[in-house]
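To start, the structure under review is shown below, and the notes come after it.
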Amino acid sequence: MTISYRLPDGATLAFDAPATGLDIAERIGKKLAKQALAVRVNGELRDVYLPVPEDAEVEVITRDSDDGLELLRHDAAHVMAEAVQELFPDTQVTIGPTIENGFYYDFHREESFTPEDLEAIEQRMREIVRRNEDIRREVWDRDEAVRFFREQGEEFKAEIIRDLPEDEEVSIYRQGDFLDLCRGPHLPSTGKLGDGFRLTKLAGAYWRGDSSQPQLQRIYGTAWRDRKELKAYLKQVEEAEKRDHRKLGREMELFHQQEEAVGSMFWHPRGWRLRQRLEQYIREKMEKHGYQEVCTPQMMDRSLWERSGHWDKFGDDMFTLCTHDDRELAIKPMNCPGHVQIFKQGLKSYRDLPVRIGEFTTLFRNEAHGALHGLMRARTFGQDDAHIFCTEEQVNEETASFIRMLREVYEAFGFTDISVKFSDRPEVRAGADEVWDRAEASLKQAVESVGLDYTLNPGEGAFYGPKLEFVLRDAIGRDWQCGTLQVDFVLPERLDATYRAEDSSERRPVMLHRAVLGSLERFLGIVIESTAGHLPLWLSPMPVMVATIVNAVDDYAIEVRDRLAAAGVPAELDLRNEKISYKVREHSGKKVPVILVVGEREAAEGKVAMRRLGSKENRELGLDEAIEELARQRQLPL
RNA sequence: GCUCAUGUAGCUCAGUCGGUAGAGCACAUCCUUGGUAAGGAUGAGGUCACCGGUUCAAAUCCGGUCAUGAGCUCCA
């Protein structure tokens, strides 16, 4: 009897009897056998010491591959669990998956872990790696496994086993004296983990991600192939912290926050100019695309929010206040009910559709304390919010043209990597199932008609309708959900919006809720972090600084500033009695995109010396030429 | 809202065993008018987040509150 295994390079290895992954690796080379962490058999990852029973495609997995790294991280989680149980026997283990860059494990324990505990756990992990314990898979009887974990006081594990699908094998991995339920596969021994890991942080997490369930303690770690990769990662994290928008916001004199206004901004002059600039850009963009801007009340009577359904579904997030005559008002968390009121004024004909209504006024949402995060998650913020009232037949074209605009806008900020998620009906929702059927079908058809790839995001729709979510990838590889388009058959019904159709019957319009940037505050935060504060000239709140070398040229510097201003380029003057390097350093630190240096020579020749942020190059050019260039770059990229 | 951590000058941070507060930068004044990321001197600046407790004595120890950070839940 011969069994043959086909390798990725096409070669075939023949054995007389079923060989283990390790045997196969050994046949290929001694070194590979040493490095083997697992094998992929017909596409499925398996433990390296298990026999491969029949002819198969076999690939040996080492730490060099992505799969190998994933295995290392998974094992790091298990080694951590073993370390924790050795040091703190009263701890129950739950689950410990890999995540981007690392892993975590959730534990249940009466006492809290301290940062010192983390160090001790990490030390013990290194010891376990040195012990080089074998990690072996065992298949247990389901009831026996439940009984075992029960006896160990591991109620959470017992619960997981009980909930496993009937036909699934209950595999237990034995690693020294530590046994853990796990699907696997695993490294052959703890020594293979190496020393490229570190425990990073401690946080709370709910059992099964449900806030009504017990709270667990989650320990996060990062794990890499070796110490060098670990160091590179830690360095990268450090760099990312440097571009935190709250830090840059302070350095660039954009905004601040303080205790008395949690979740809101104090916008400083430069910050507000930036925020206004962004708003102006999207306003003009929307005008070009046929939107009309409106302004609706900041607060409206409770009864309207009850009719719209917000009171029920969004009530916890709404701020309310009472008038002297005991009326209860809600401060708007969304514009939709207001826009419906505008649509309803006067009779609308099918000839009027689509009606596109946009608004940028501030919204107020009572976000949970722990969710707040600078500009990224605020309680007061503006949105490039708009609602399109149209017929069912127009949903397609409106969706398509919205997506065109969205792409143009993202491109203006340098975001070209965009993906789409399709979110369908959530559990808590308004409207009958048949209405949802129609809304989902309609939106699905619209995405497909523009040839957009999308992934399904089940149960994540808004309470009034399904939605598309547009996710952009920023310059440092982070994903952000900004744009959204939601189809709504419910609100026009609830708030009784109608139009007169061709056959003179009264019909309900479909309402599309849509935003490209989403929260203007949040979008700014993303742009700031993604550019590390190096904003494009058209957006920058302080695009040009005119800095003098000697006071004798003050008058010329003033002329330069005034002529820039006349050409639509805001500029400030730095006439201080300081060295030019001092001025350059200071304004560069504040991320001013262009510094125009003027000294005796420039003044005499009607020139400026232009220095761009991030470059040491120093261009000397005529004043007219410089103004022309800067004015062009200051134009909104419409 | 939940868990853990943190809160000292405008910013970044020291502050040992509990003995009444320190640096650098920034700021002010004076000197310096200089060529592309820090010129020099002098000075001012703090209810150590807030409230309470222990103590002869609290930035320091204990409790509570608030805020911030990381994560969870939620979400733009």
Side-chain angles (χ1 to χ4, degrees), chain A residues 99 104 106-107 109 111-115 117-118 200-220 241 244 246-247 250-251 253 256-263 314 316-317 333-334 363 365-379 381-385 460 462 467 469-470 480-484 513 515-523 525-526 547-554 575-590 595-602 609-620:
Chain A
I99 49 173
Y104 68 76
D106 286 344
F107 300 100
R109 178 172 174 245
E111 279 166 88
S112 305
F113 291 114
T114 65
D117 293 340
L118 237 59
T200 51
K201 56 202 169 193
L202 206 49
Y206 299 108
W207 170 236
R208 304 202 146 159
D210 183 341
S211 56
S212 65
Q213 297 274 7
Q215 180 134 23
L216 309 171
Q217 299 186 63
R218 177 173 297 178
I219 300 177
Y220 282 92
E241 274 166 19
D244 186 298
R246 291 158 302 184
K247 182 173 148 64
R250 191 172 52 236
E251 289 169 4
E253 302 176 349
H256 85 270
Q257 296 187 279
Q258 61 188 51
E259 285 192 24
E260 293 84 350
V262 174
F314 209 74
D316 289 347
D317 284 334
M334 296 183 188
L363 303 175
R365 296 185 190 173
N366 194 3
E367 299 289 349
H369 268 93
L372 300 174
H373 181 77
L375 294 175
M376 301 300 196
R377 194 78 183 273
R379 284 185 172 154
F381 59 96
Q383 264 188 324
D384 61 324
D385 191 19
E460 295 294 320
K467 59 184 178 183
E469 293 177 318
F470 298 86
W480 300 93
Q481 195 248 296
C482 295
T484 176
H513 305 242
V516 175
L517 307 178
S519 156
L520 300 183
E521 276 71 7
R522 181 159 170 275
F523 196 83
I526 294 165
T548 55
I549 293 172
V550 292
N551 285 121
V553 299
D554 283 1
L575 306 180
R576 291 175 303 171
N577 175 15
E578 295 292 352
K579 290 196 167 181
I580 193 61
S581 7
Y582 182 89
K583 296 184 183 183
V584 166
R585 177 179 149 74
E586 186 171 294
H587 302 305
S588 299
K590 291 181 181 176
I595 301 174
L596 295 182
V597 174
V598 299
E600 303 275 15
R601 212 166 56 230
E602 288 78 10
M610 186 185 292
R611 184 192 167 110
R612 299 261 176 184
L613 182 61
S615 154
K616 286 191 160 58
E617 192 205 354
N618 188 5
R619 289 164 64 212
E620 210 166 281

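Just so we're clear, the structure is a prediction, and the values are computed from it rather than from any experiment. All values below come from the heavy atoms of this structure, side chains included, with hydrogens, waters and symmetry mates left out. Naming: A, B, ... by sequence-line order, numbering from 1 per chain.
As a whole-Å value, the separation of Gln213(A) CD from rC72(B) P is 17 Å.
The side chain of Glu259(A) approaches rG7(B) more closely than any other nucleotide in the set rC11(B), rU36(B), rG7(B). Nearest to the side chain of Tyr206(A), among rU33(B), rU73(B), rA76(B), sits rU73(B). Among rC72(B), rA76(B), rU33(B), the nucleotide with an atom closest to any side-chain atom of Glu469(A) is rA76(B). Among rC75(B), rU73(B), rU36(B), the nucleotide with an atom closest to any side-chain atom of Ala371(A) is rU73(B). When distances are taken from the side chain of Arg576(A) to each of rU36(B), rC27(B), rG1(B), the shortest belongs to rC27(B). Picking from rG35(B), rA37(B), rA76(B) the nucleotide with the shortest atom distance to the side chain of Phe381(A) gives rA76(B). Between rU3(B), rA76(B), rG69(B), one nucleotide has an atom nearer to the side chain of His373(A) than all others, and that is rG69(B).
Pair assignment for rG7(B) gives rC66(B), based on Watson-Crick or G-U wobble hydrogen-bonding distances that are each under 3.5 Å. Within the shown strands, nothing qualifies as a pairing partner of rU54(B) under the Watson-Crick or G-U definition with both distances less than 3.5 Å. Base pairing of rG43(B) is made with rC27(B), judged by Watson-Crick or G-U wobble geometry with both donor-acceptor distances under 3.5 Å.
Here Arg522(A) does not reach the OP1 or OP2 of rC75(B): none of its side-chain N or O atoms lies under 4.0 Å away. Between Arg246(A) and rG69(B), a side-chain N or O to OP1/OP2 separation shorter than 4.0 Å is present. Between Ser581(A) and rA38(B) there is no side-chain N or O to OP1 or OP2 distance below 4.0 Å.
Shown are Arg208(A), Gln217(A), Arg218(A); of these, the side chain to side chain donor-acceptor pair (under 3.5 Å) with Asp106(A) is made only by Arg218(A).
Taking the P atoms as reference points, rU68(B) lies 14 Å from rU8(B), given to the whole Å. For the C1' atoms, the distance linking rC17(B) with rC13(B) amounts to 23 Å, nearest Å. Atom C1' of rA49(B) sits at a distance of 24 Å from the matching atom of rC27(B), rounded to the whole Å. Using atom C1' as the reference point in both rG45(B) and rC11(B), the two lie 14 Å apart (nearest Å).
For Asp316(A), the CG atom is loosely surrounded, since the number of other residues' heavy atoms within 6.0 Å does not exceed 12.
Between the side-chain ring of Tyr582(A) and the base of rA37(B), no stacking contact exists by the 5.5 Å and 30° definition.
Counting atom types as modelled, Glu367(A) pairs no side-chain N or O with a base atom of rG1(B) as donor and acceptor under 3.5 Å.
Asp384(A) places a side-chain N or O within donor-acceptor distance of the main-chain N or O of Val516(A), the cut-off being under 3.5 Å.
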